[in-house]
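Read the structure below first, then the notes.
By convention in this document, chain letters (A, B, ...) are assigned in the order of the sequence lines, proteins followed by strands, and residues within each chain are numbered from 1. Hydrogens, waters and symmetry mates play no part in the numbers below; they use all other heavy atoms, side chains included.
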Amino acid sequence: MDLTEAERKGTEPRSKAQRHPEKVEGSMTAEPGCVINTVNHHAGGSISKQAIIEDITERGDHERLRGITDSAQDAILMMDPKGNITFWNPAAKSILGYRKEEAMGKNLHQLLTPERYLAAHHAAFPEFLRTGRGNAIGKTLELQARRKDGREIPIELSLSALSLDGEWHAIGIIRDITEGKRAEQSLRDSEEKFRQLASNIREVWFVLSPTLDRTLYVSPAFEQIWGRSCDSVYLDPLSWQHATHPDDLERVRSFVAELAQGQLLDVEYRIRTPDQIEKWVRSRAFPVRDTTGEMVRVVGIAEEITEQKRYQAELIRAREGAEAANRAKSVFLATMSHELRTPLNAILGFAELLEVEMSDRGIHDWDMDVQKIRRAGKHLLDLISDVMDLSKIEAGRMELQPVSFDLAEVVLDVAASVEALAAKNRVQVRVACEPARVHADRMRLRQCLFNLVGNACKFTRDGEVRIEARTETNRDGFPDRTGYAVRVSDSGIGIRAEDQERIFGDFTQADASTTRKYGGTGLGLAISRQLSRMMGGDITVESTPGLGSTFTLHFPSGVNREPDR
Amino acid sequence: MARILVVEDDADNQELVTRFLKRQGHEVLLARDGLTGVVAAEEDVPDLILMDLGLPVLDGWEASRRIRSNAATAHIPIIALTAHALSGDVAKALEHGIDDYELKPVVYQHLMKKVAKFVKN
């Protein structure tokens, strides 16, 4: 441009060129030294100078260019027609290891190309020098470069040709792609692992487009379960519908519609293979979302559950059978109980009548025999009642009828009802109980207490039975951690530690011979404990053989239940 | 002594109650079902009624309720005989106007004490 003219006009905004007129006092070719002295200094070739500065018209541009090459992350280098290095930026040093002064003027191929590629380079070089063309020119290639330390690194090389004074120079930009290669490799490894997993697992993995109209991936197990090729679902992602049992299709469709709306899918349904084998499968799928919450794909797993279904059905059948049997047992027991009681009532009644009428006539010869009939009959009745209670509890048909009452009243009533037995065994029954309003099934609570106190009297001779009732606080399992504990202690025969849990089982007394010696059905404790647990409490035992036993009935106070009317 | 109506369907039980009551010197009237019991109560107006609860035609609860709601028989005391001590029958019986109850299996000497108490009044 004609600066002097521009300045004369004085109308044009001042350009950089105008601000630094001394730098454009001559063409680049005419005055190269002032612009490219750094290149000149290192490369020492006037042709190189010309090449680099072709478009540089002033020092500011040169500095900017230098700034660019200095700060570039990629190595930028240049090769003259002799094959020698004429430009080397700082990144070239960090990537390739050679300092600038080590690299400048050296043969580029000798310096950086691994031995095995040298022949190819040498073969291509003359053609390049002649025409400026070559396989690599104008392209980006992935190659290996040898660093100063001898280590080869993967690089990406962008090569261009530059003609200066009729000779061809090459400019190379080299990027170290070690990290990229590593990431690529680990991605490949991870994909390989996934593929191995997906191919070897019995479950089917699948990946679908968010709209469910494209199958992105389906694992080979699909072919085993569905009996159809994976390709069939790539070609027609809705082809699963043909394989689904017609009776289940609507249900599955509605689940799939929900999945498309972003819901999780978990559905069990039947499929038919092409050869009409029916199978149960379970499919689970969920949407995968990007950071903005957008559904990007749907990932799922499908498995065959035919065996589980069969097993489940068997279990249900077995359970239904067991329940029916149990119902039948309950009905049978209820009927039997009535049928057994009626004649027994007659036996007991007539034995009593016989006793009093003989007594009326002054006949006492058979009093003992009649007593035995009555005792045996009574025992049989007790057994029937206990079996009935137990079967009711086990069938879940025992219903508690909680009412409000005074615990002390029940305790005293129980103590009174064992008077005869206590007197017979010369046992003193002591009661310590304050009046206490409780809410529980009075009849069942009495039954439990009667059992414990009756046992205490039964297994004690010439001793003492104490009944103490007190509030109990801080007991786990009680609604408000408070309730009552009724302790029944005796000075009787005691129970060995190993028998202390067993005696709560059905038809067990600590020793089979005790039934004969002490009587009882052997069901009392089992029933009492179950009843106490139904009330939300329990029965616990402490005992020392020879010294006596303490049974404690714990039950929640029920103060939080509905108030009395 | 007293005229007592026994409403009971089981023959053995009828005989037992009858013989124990007669032994105490009472006169016994018998009815085999609830409805007959209600009619007998009205016609004979006994001093006491022993009522089984599980009766044919009309059960013991309903029979008791009818006897209570009839002005001619409302005053007659009723003792129920029941095998169902635990199932709420007692409470139900008391609601239907029964004065007392005796659990089966009946210990007759015990029942006789109860009868004596009501007949004396």
Side-chain angles (χ1 to χ4, degrees), chain A residues 334-335 337-361 370-371 373-386 388-390 392-393 397-403 405 417 420 441-448 450 527 531 534, chain B residues 1 4 6-26 28 30 32-33 50-56 59-60 79-95 100-116:
Chain A
T335 312
S337 149
H338 179 75
E339 296 303 313
L340 291 171
R341 273 186 234 240
T342 306
L344 254 177
N345 283 337
I347 290 170
L348 285 169
F350 282 103
E352 190 185 351
L353 186 65
L354 193 60
E355 195 177 18
V356 296
E357 289 193 345
M358 285 198 301
S359 174
D360 289 347
R361 290 166 175 72
V370 176
Q371 286 287 336
I373 294 171
R374 291 185 66 186
R375 215 166 31 234
K378 182 69 175 54
H379 185 220
L380 192 47
L381 263 177
D382 290 346
L383 269 173
I384 293 167
S385 301
D386 283 358
M388 280 303 298
D389 280 353
L390 209 55
K392 256 195 228 161
I393 291 170
R397 287 163 60 158
M398 175 69 79
E399 279 172 29
L400 297 180
Q401 295 172 326
V403 291
F405 61 94
S417 62
D441 187 317
R442 187 179 196 275
M443 191 73 78
R444 294 304 180 180
L445 189 79
R446 186 189 185 282
Q447 188 179 354
C448 292
F450 180 78
I527 292 168
L531 286 174
M534 282 180 69
Chain B
M1 292 276 284
I4 298 172
V6 174
V7 192
E8 165 69 74
D9 63 321
D10 181 83
D12 283 339
N13 289 343
Q14 269 188 7
E15 187 185 345
L16 282 164
V17 179
T18 305
R19 283 174 67 177
F20 273 101
L21 288 173
K22 284 189 171 166
R23 181 171 168 269
Q24 304 290 320
H26 301 301
V28 177
L30 284 174
R32 285 174 198 283
D33 63 73
L50 298 185
M51 176 83 72
D52 184 22
L53 288 178
L55 289 170
D59 67 33
I79 298 175
L81 305 177
T82 176
H84 311 284
L86 302 176
S87 54
D89 286 7
V90 171
K92 191 173 157 196
L94 293 172
E95 272 171 29
D100 205 345
Y101 63 93
E102 185 69 20
L103 294 179
K104 288 181 175 182
V106 176
V107 177
Y108 288 93
Q109 281 154 294
H110 195 254
L111 176 63
M112 291 308 119
K113 280 180 198 158
K114 227 167 234 179
V115 168

B:Lys114 atom NZ, neighbour heavy-atom count above 12 within 6.0 Å: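 Yes, the 6.0 Å shell around NZ holds more than 12 heavy atoms from other groups.
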Crowding at CZ, B:Arg32 (>12 non-hydrogen neighbours, <6.0 Å):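 Atom CZ in B:Arg32 is not packed in, count stays at 12 or less.
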Quick one: of B:Leu16, B:Asn13, B:Val106, who has the most non-hydrogen atom pairs under 4.5 Å with chain A?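 Of the candidates given, the most pairs with chain A belong to B:Leu16.
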Begin with the C-alpha distance, continue with both residues' side-chain angles, and end with the deciding distance and a verdict on side chain to side chain contact (heavy atoms under 4.5 Å, CB included) for B:Val107 and A:Arg374. CA-CA 10 Å; B:Val107 177; A:Arg374 291 185 66 186; 4.1 Å; yes
Against chain A, label B:Val17 side chain, backbone, both or neither, depending on which of its atoms sit under 4.5 Å from a heavy atom there.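 When you check distances to chain A, no heavy atom of B:Val17 falls under 4.5 Å.
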B:Gln109, part contacting chain A, at a heavy-atom distance under 4.5 Å: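 Both the backbone and the side chain of B:Gln109 come within 4.5 Å of chain A.
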Return the option, out of A:Asp360, A:Thr342, A:Leu344, with the maximum number of heavy-atom pairs under 4.5 Å with chain B.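 When all of A:Asp360, A:Thr342, A:Leu344 are compared, A:Asp360 has the most.
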Only pairs of heavy atoms separated by less than 4.5 Å count here; which of A:Val356, A:Leu348, A:Asp441 has the most with chain B?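 Top option by heavy-atom pairs under 4.5 Å: A:Val356.
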Less than 4.5 Å apart, any side-chain heavy atom of B:Tyr108 and any of A:Leu353?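 SC-SC contact between B:Tyr108 and A:Leu353 ruled out.
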